[in-house]
Amino acid sequence: MYRSGLIRTAVAVAASSVCLVSGAAGAWAQPGARTAPSGSQPTRADAVQDAKQAAARSLREAYATGQVKDVMAGTLSSANQVGLDRLPIRSTSGFRASVESSNSAILTAKGLPASTGNVLQVRLANPQARAALTEGVQPLIAAEPSDRQSTSLTAYRPDGTEVKLGATAPADVPVLIVGTDGDRIVAAGTQVMSDGFKAAWPQAGTASSGDLSALKPRTAAAARAASRTAPIPRPAGRKAPAARTSQTGTAGTPQGKNVTRINSVQLLKSNEEPFWKGGAEAFAVVSGWDKNDKAFAEPTLQMPYLDWTGVDYHPNQNLIDWGHFGYDSADLVFLEEDDGTNYKDLTKAIVDALLTVTGYGTTGIPLANTIMDAIPDKWWTDDTDELDQVYSVSHGAIAKAQDSGAPGLTYFGASGESNISIGLSNAFIPKT
């Protein structure tokens with residue numbers, strides 16, 4: 001998992017990747033940036049890269065023998081990418097066996113079950129060369145680098161000739177990039193994490209009560225943390241529905257839940273990247289303090305829409321279910337998924353870290369920082385930085401803003417150069 005804000009502007013050819021982790025707030029000291037330890041020990045990212053290179057080599061060999069030429073032109077005539085398992089290449093060529101072997105290696109390295117299926121795909125990295133591909137121009141074939149700061153790419157013609165490419169895409173030569181399907185990986189990875197969190201904190205997987213009467217106020221430390229991320233009322237406009245306590249039936253059964261949802265989210269920092277980079281793959285973990293003053297994390301949330309810097313997304317996506325919380329406070333930390341992420345180990349690291357923390361606010365350290373510090377240094381590479389974090393989101397503060405006529409609150413990231421703004425509002429979801 002990368003800790004860098006590698007999100008490109010909308011004028012770039014392709015987007016990068018993001019992920020989101022959240023926890024409840026204490027103080028507001030941010031975890032220090034870390035780098036991978038020196039040495040030549042192979043990493044999970046190396047294993048994923050080796051698998052991508054093997055698949056790219058098999059694709060080049062299939063192209064050289066004429067088994068894929070027309071198929072590729074037809075498949076990519078309208079779409080920019082296709083799963084390698086969907087290419088109708090003869091099984092006798094060894095291509096399918098190679099792809100299956102490479103795919104299995106990637107799933108193992110990333111801690112994903114075999115039921116995830118194929119995550120290897122080929123992408124036309126420069127769509128402006130689509131016509132050339134259709135006309136039979138020999139493409140360049142390469143594996144997407146794991147190193148997010150690569151400024152050059154080694155590609156190969158079908159005959160094996162090596163070609164060095166810079167950050168700008170060639171206009172007349174198709175470039176086929178073999179990489180991973182980030183959306184499918186994140187979908188499977190967030191399921192692995194959600195299952196692990198539900199096992200560690202069963203209450204996160206049960207029906208919640210919409211009653212906010214037992215929700216305890218933020219501590220002074222959490223309030224200071226909130227001031228770091230500058231919550232402000234969203235611009236005046238249509239008033240969002242006011243949050244309500246649950247309606248109960250004759251038996252006192254909760255008939256709905258109170259949630260905070262994402263009205264809008266925008267990535268602010270621009271980082272230009274080479275043309276071969278793929279799309280963003282974002283996910284979120286919501287964590288906080290339960291009614292017994294114990295830290296916990298809720299099932300993980302995928303954010304597949306979060307692709308471009310400077311675009312204001314309006315997902316209307318539920319983020320926090322306050323029925324599981326004992327305190328009116330939660331943190332958000334944004335990260336990026338990468339080749340080195342093993343979702344089983346990531347889940348264990350988060351669970352182990354949070355299970356050691358009890359007593360809201362007693363540590364003086366936000367749970368978000370506890371989560372980040374628990375992740376092994378070997379997962380970070382020397383080109384990574386934490387994207388951003390937002391501390392101490394408050395249901396009460398958002399409700400107050402909505403009561404005054406604002407749609408909700410906009411929070412900004414706590415990093416020195418804030419890289420995110422996120423507009424949040426409260427809503428009551430009735431049970432039907």
Side-chain angles (χ1 to χ4, degrees), residues 1 17-24 44 106-117 119 180-209 257-262 265 280-292 294-306 315-326 330-338 340-357 367-368 370-372 374-376 379 387 389-390 393 422 429:
M1 174 169 49
S17 9
V18 176
C19 63
L20 163 63
V21 179
S22 64
R44 291 189 180 95
I106 291 173
L107 296 183
T108 299
K110 298 189 72 62
L112 299 176
S115 58
T116 302
V119 297
T180 53
D181 183 341
D183 286 341
R184 174 170 286 196
I185 286 174
V186 171
T190 52
Q191 186 61 57
V192 168
M193 296 180 70
S194 295
D195 290 345
F197 293 160
K198 288 178 182 178
W201 301 288
Q203 79 282 359
T206 60
S208 68
S209 168
K257 62 174 65 177
N258 280 287
V259 301
T260 289
R261 60 179 42 147
I262 304 172
V265 59
E281 300 90 28
F283 62 95
V285 178
V286 177
S287 67
W289 301 87
D290 66 16
K291 294 175 174 60
N292 297 314
K294 293 183 178 180
F296 77 101
E298 293 207 277
T300 312
L301 184 72
Q302 188 180 7
M303 304 172 71
Y305 52 85
L306 197 60
N316 200 34
Q317 187 177 27
N318 294 335
L319 178 66
I320 303 170
D321 181 349
W322 291 102
H324 299 152
F325 284 70
D331 292 353
L332 312 175
V333 176
F334 289 79
L335 304 168
E336 290 182 288
E337 196 278 338
D338 80 355
T341 305
N342 180 290
Y343 288 92
K344 284 184 179 179
D345 289 351
L346 176 59
T347 303
K348 185 178 187 302
I350 293 174
V351 169
D352 288 350
L354 295 184
L355 286 177
T356 65
V357 183
L367 289 184
T370 301
I371 290 171
M372 294 303 304
I375 300 174
W379 285 21
L387 185 57
Q389 56 191 305
V390 174
V393 173
I422 184 167
I429 304 175

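Here, residue 1 is the first one in the sequence, and each next residue gets the next number.
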Side-chain contact test, heavy atoms from C-beta onward, threshold under 4.5 Å: evaluate it for [X] versus [Y] and give yes or no.
{"X": "R261", "Y": "I429", "answer": "yes"}
{"X": "Y343", "Y": "V186", "answer": "yes"}
{"X": "V119", "Y": "K110", "answer": "no"}
{"X": "I422", "Y": "V393", "answer": "no"}

So, for [X] and [Y], which heavy atoms are closest and what is the spacing to 0.1 Å?
{"X": "Y305", "Y": "V265", "value": "CE1-CG1, 3.9 Å"}
{"X": "A109", "Y": "N342", "value": "O-ND2, 3.0 Å"}
{"X": "K198", "Y": "P299", "value": "CE-CG, 3.6 Å"}
{"X": "A297", "Y": "L354", "value": "CB-CD1, 4.0 Å"}
{"X": "V192", "Y": "G111", "value": "CG2-O, 4.1 Å"}

Item to complete: Assess whether side-chain contact (heavy atoms from CB on, under 4.5 Å) is satisfied between V286 and L319, documenting all intermediate values.
Response: CA-CA 7 Å; V286 177; L319 178 66; 3.8 Å; yes

Spacing of [atom1] belonging to [X] relative to [atom2] belonging to [Y], to within rounding of 0.5 Å:
{"X": "N258", "Y": "I320", "atom1": "CG", "atom2": "CD1", "answer": "12.0 Å"}
{"X": "L107", "Y": "T116", "atom1": "CG", "atom2": "OG1", "answer": "5.5 Å"}
{"X": "I350", "Y": "L346", "atom1": "CD1", "atom2": "CG", "answer": "4.0 Å"}

Measure from the side-chain N and O atoms of [X] to the backbone N and O of [Y], and report whether any donor-acceptor pair falls under 3.5 Å.
{"X": "D290", "Y": "N292", "value": "yes"}
{"X": "W201", "Y": "A295", "value": "yes"}
{"X": "Q302", "Y": "G189", "value": "no"}
{"X": "K291", "Y": "F325", "value": "yes"}
{"X": "S194", "Y": "T300", "value": "yes"}

Item to complete: Name all residues meeting the salt bridge (Lys or Arg N to Asp or Glu O under 4.0 Å) criterion together with D352; count only those two or more places apart in sequence or in a different chain, and write none if there are none.
Response: K348

Practice prompt. Please assess V351 against F197 for the test side-chain contact (heavy atoms from CB on, under 4.5 Å), listing each intermediate value before the final yes or no.
Written response: CA-CA 7 Å; V351 169; F197 293 160; 3.8 Å; yes

Item to complete: Show your working on side-chain contact (heavy atoms from CB on, under 4.5 Å) between I262 and M303 and close with a plain yes or no.
Response: CA-CA 11 Å; I262 304 172; M303 304 172 71; 3.9 Å; yes

